[in-house]
J.: 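Input: one structure, supplied below.
All chains are named by letter (A, B, ...) in the order of the sequence lines, taking the proteins before the strands, and each is independently numbered beginning at 1.
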Amino acid sequence: MNGYIPISNFQLALSVILVLLTGLISVFLRLGLLKPLLWGTIRAFVQLTLIGYVLTYIFQINRLGLIIPIILLMCFIASREATRRVSRVPYNPAWSAFFSITASTFVVGSIVVVVIIAPDPWYSARVAIPIFGMILGNSMNAIALSLDRMYSEIHAHVDEVEQLLCFGASPWEAVVRYVQKAVSAGMMPTINSLMVVGLVSLPGMMTGQILAGMSPQLAVRYQFVVMIMVAASVAMGCVLIVILSYKQMFTSDQALVESLRKN
Amino acid sequence: MTSLLEFQQLSRQFEQGKSIRASGQLISDTMLAIRGVSGSGKSTLLKILARLLRPDGGEVFFKGRNWVDIPPQEWRTRVHYVAQKPIIFEGSVAANLQLPFTLKIIQQEHSFRMEEASRLLETVLLPRSILTQPAQTLSGGEAARVAMVRALLLEPQVLLLDEPTAYLDSDSSRAVMGLLTEWLEGSSRGIVIVSHNPDDLKELPLPVHWLDLESELRKS
């Protein structure tokens, strides 16, 4: 397990040459990408270096009272990020997103950490934080996709929704077909990755473990657990976010809110 | 001769600072026709009565009951709005006619009757064979008549009709107005209608009351 090859500072610097090469191509083709590329490289380096130190510190302290606030903070940032680029939303969905992300992450993450991996102590930061982080990254994208899809579907089908309401449909009956599309849009990337894993790509986590010296058979087992847990939390998160959000599209008269009606 | 629908001082601001203010009454077995130049808020008034839009002020009563005491879902099954542009869903014409009967509140009261559906379709000059046709392939006029049949099958007590003959040629238009007259006579039901062609309504063999929204607009 300790057959990993360390990367020296010199080797780290070498990898930057590749960025410079890409930058040169960008300058040559006038893509205007040099500045964001350099800025992105610097940010990634600084952020990862800092998180390396922070994680080392947290792993050493390894206290539940520290781990839970950190995970909650991660959930908060993820929910803000998930709702930031969603357009056409007639209200601020950040709290619904926070609840959906936190609930789905905690339910699935706790089962994986405490029951399946079962480290000692059960809340081991070295296990919990990376696992929760991986779930969060996926939930965040899925929830953003679901929300965006739900609002764009309903925006495009205002007449149909109102027609169903006129038949006597409840708000849920009026939007259920669009809600279903939103949930499947959120889950599609996860389902696709379940289909092609190992055939088209080796996931980052598995690659990392193999590079760190773990046997491929063992790395595969971890990867399988991770993918299943991601699928479970994504499904839960998507369902929660649409259930929490659809009601906010209706007035107390069970009519669509006016900001959705205007084109 | 009972009052089915009564609205008092209904008001609402709509596009570009325009506003409507309207009071009126729909008596059973009659039609209430809303007149007004385009942009005077006729469709807005119908949507308010369907509770799709909220008025800024005013009250509405259905058979003497204030609308705030009637749940919106129940309201819309009693007071049913048919939009000017017919809304057709994926699937066959039969599936479109059956769609409302998949809803909980409708299932509690009625069940779908294919014979009645076919009869109504024939009354508005559509052949029975249209039932199996994909609804998305209907012409505007056919879709408007299918939407009208779908509304009648739901047996509402008040129909709110926004230009029901806008998409129809003169024969189908006469057939639809004939069906509406038959639906209305002696039934204790009522129709609130917005029509671009008031002459059509004047020829009908039933009492039509007029609400002049234009003058209401000037007053406000």
J.: In terms of heavy-atom pairs under 4.5 Å, which option from B:Arg54, B:Arg51, B:Gln73, B:Lys85 contacts chain A the most?
T.: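 Most heavy-atom pairs within the cutoff with chain A belong to B:Gln73.
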J.: Do B:Ser11 and B:Asp56 have side-chain N/O donor and acceptor atoms under 3.5 Å apart?
T.: no
J.: Given heavy-atom pairs under 4.5 angstrom as the criterion, report whether the side chain, backbone, both or neither of B:Leu99 touches chain A.
T.: side chain
J.: Does the side chain of B:Ser3 pick up a donor-acceptor pair with the side chain of B:Gln25 at under 3.5 Å?
T.: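 There is such a pair between these side chains.
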J.: Does the ring centre of A:Tyr246 sit less than 6.0 Å away from the ring centre of A:Tyr178?
T.: no
J.: Checking side chain to side chain contact (heavy atoms under 4.5 Å, CB included) against A:Phe132, which of A:Ile67, A:Val113, A:Val112, A:Val127 comes through?
T.: A:Val113
J.: Just so I understand: if I count every heavy-atom pair under 4.5 Å between each of B:Trp75, B:Phe101, B:Tyr81, B:Phe89 and chain A, which residue has the most?
T.: B:Phe89
J.: Would you say A:Ser152's side chain and A:Arg149's backbone share a donor-acceptor pair under 3.5 angstrom?
T.: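 Yes: the side chain of A:Ser152 pairs with the backbone of A:Arg149.
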J.: Looking at B:Leu52, B:Ile105, B:Ile88, which makes the most heavy-atom pairs under 4.5 Å with chain A?
T.: B:Leu52
J.: Answer with side chain, backbone, both or neither: which region of B:Lys104 has an atom nearer than 4.5 Å to a non-hydrogen atom of chain A?
T.: both
J.: B:Arg78 versus chain A, heavy atoms under 4.5 Å apart: side chain, backbone, both or neither?
T.: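 Neither part; nothing is under 4.5 Å.
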